[in-house]
Amino acid sequence: MLLLNIAILTLHLLLAGISAAGPIVAGFALWQATRRADQAQQHAANRLARASLHSLFAAIGLGFVLWYLYRLQTGTEFAPRSERLSRLWIIDAWTFWGELAFSAIALTVAIVLTRRGRGQRWLVPVLLILAGTNLLYHLPLRFSIFNLMQSRGLEMPDGLTRAIKYQLLAEPQLWSRLIHHWGAMFVAAGLAWLWIRRGTKNTGAILIMMGVAAQFISGPWLLFTLPVERQDQYLGDSLMTMACLGTGIAAAFLAMLPAFGLAFDTTAIDVVQKRRRWLATGLLVIAWGGMIAGQLVQR
């Protein structure tokens, strides 16, 4: 069951990253393509917008699957997660589901407009960027606060109130979590763009390197803002936790090598670039899985 939790949570977070950062990448790419009359990039940006919408619905579906799996694990450390998620979804239903609905509607309108050949100079890019920034702000903030409160053994009986939000915004641990999540989301979006927009010097690979760099910077910061007992688990008290985290860090570091080639080696033949894409993808999935496993195997 633990391996299933790790696999589904990894895929859920990958899709959530594409749905949040993907529209921002698509919006800027479409705006740039319209100015340059670059039809290939325009088509690719439209594909990324559609992929972002599909990823949003898939991530929501996997969120319910995770909630159900947690509920099945009565008597384990996962059982309280389902209860907290239930309260978070129900108590904050209007804001939580409203945020998701706003982005879904904005993405849908943008996609419909592109199919009709309208608004691609400014309206569609604005809608895409609004859809992405809405999710990029609200989702990591909400779940970072959720995880922060959970790590401290605290509950939110009245939901995520403004008082809680404003109080925690002053804490370094929350910002270290946010930067870490934002980096992961742009890595996911960069990975999607890497496969959609192929050929020339790929900005998707640059996004991957920037996102991984942000995680390398925020990771130690996040680690040393955790409670001492959590730090000890990552730093040697739990060999399994340390091994999972180490595997994730090593894979993320190694993924920078093919990403660098994809971003800057314009002389490589297509076969080499395709191998680099697969290698970067595989290593990044291992990195996500290792880091998530490091969180879930803690006792």
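None of the values given here were measured: they were computed from a predicted structure.
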Using modelled atom types and a 3.5 Å cut-off, is there a donor and acceptor pairing between side-chain atoms of [X] and backbone atoms of [Y]?
X      : Y      : answer
Gln173 : Leu222 : no
Asp38  : Thr34  : no
Trp288 : Leu14  : no

Next on the checklist: So, applying side-chain contact (heavy atoms from CB on, under 4.5 Å) with Leu100, which one of Asn134, Leu139, Ile105 is it?
Outcome noted: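 For Leu100, the side-chain contact (heavy atoms from CB on, under 4.5 Å) test succeeds with only one of Asn134, Leu139, Ile105, which is Leu139.
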Sub-4.5 Å side-chain heavy-atom contact between [X] and [Y]:
X      : Y      : answer
Leu279 : Leu257 : no
Leu127 : Leu113 : yes
Leu141 : Leu174 : yes
Arg115 : Arg50  : yes
Arg177 : Pro140 : no
Leu62  : Leu66  : no
Ser19  : Leu53  : no
Phe96  : Arg142 : yes

Checklist entry - Is there a side chain to side chain contact (heavy atoms under 4.5 Å, CB included) between Leu48 and Leu30 once you walk through the steps? => result CA-CA 10 Å; Leu48 181 57; Leu30 183 60; over 6 Å; no
Look up atom [atom1] in [X] and atom [atom2] in [Y], then write down how far apart they are to the nearest 0.5 Å.
X      : Y      : atom1 : atom2 : answer
Leu130 : Phe102 : CG    : CZ    : 5.0 Å
Thr10  : Asn5   : OG1   : CG    : 10.0 Å
His180 : Met291 : NE2   : CE    : 5.5 Å
Ile8   : Ile292 : CD1   : CD1   : 11.5 Å
Met210 : Phe186 : CE    : CZ    : 8.5 Å
Leu178 : Tyr137 : CG    : OH    : 9.0 Å

Next on the checklist: Leu194 vs Ile208, test: side chain to side chain contact (heavy atoms under 4.5 Å, CB included). Steps then yes/no.
Outcome noted: CA-CA 9 Å; Leu194 191 68; Ile208 288 172; 4.0 Å; yes
Next on the checklist: Angle between ring planes, Phe64 versus Trp97, binned at 30° and 60°: parallel, tilted or perpendicular?
Outcome noted: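 The arrangement is parallel - the two ring planes meet at less than 30°.
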Considering all heavy atoms of both residues, which atom of [X] and which atom of [Y] are nearest to each other, and what is their separation?
X      : Y      : value
Thr281 : Leu191 : OG1-CD1, 3.4 Å
Ala16  : Ala59  : N-CB, 3.9 Å
Ala255 : Ala280 : CB-O, 4.3 Å
Ile18  : Ala51  : CG2-O, 4.4 Å

Checklist entry - Leu4, Val285: one ILVMFWY side-chain cluster at the under-4.5 Å cut-off? => result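 The answer is no; the residues belong to distinct hydrophobic clusters.
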Checklist entry - Among pairs that include at least one residue of residues 259-269, which meet salt bridge (Lys or Arg N to Asp or Glu O under 4.0 Å), considering only residues two or more places apart or in two chains? => result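 Output for this query lists Asp265-Arg276.
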Checklist entry - Is the centre of the Phe264 ring less than 6.0 Å from the centre of the Phe260 ring? => result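 Yes, the ring centres sit under 6.0 Å apart.
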Checklist entry - If we ignore angles and hydrogens, is there a donor and acceptor under 3.5 Å between the side chains of Trp175 and Ser144? => result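 No, because no side-chain N or O of Trp175 sits under 3.5 Å from a partner of the opposite role on Ser144.
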Other residues, nucleotides, ligands: >12 heavy atoms within 6.0 Å of [X] [atom1]:
X      : atom1 : value
Met242 : CE    : yes
Trp31  : CH2   : no
Phe28  : CZ    : no

Checklist entry - So does Asp270 pair up with Arg275, basic N to acidic O under 4.0 Å? => result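 Salt bridge absent between Asp270 and Arg275.
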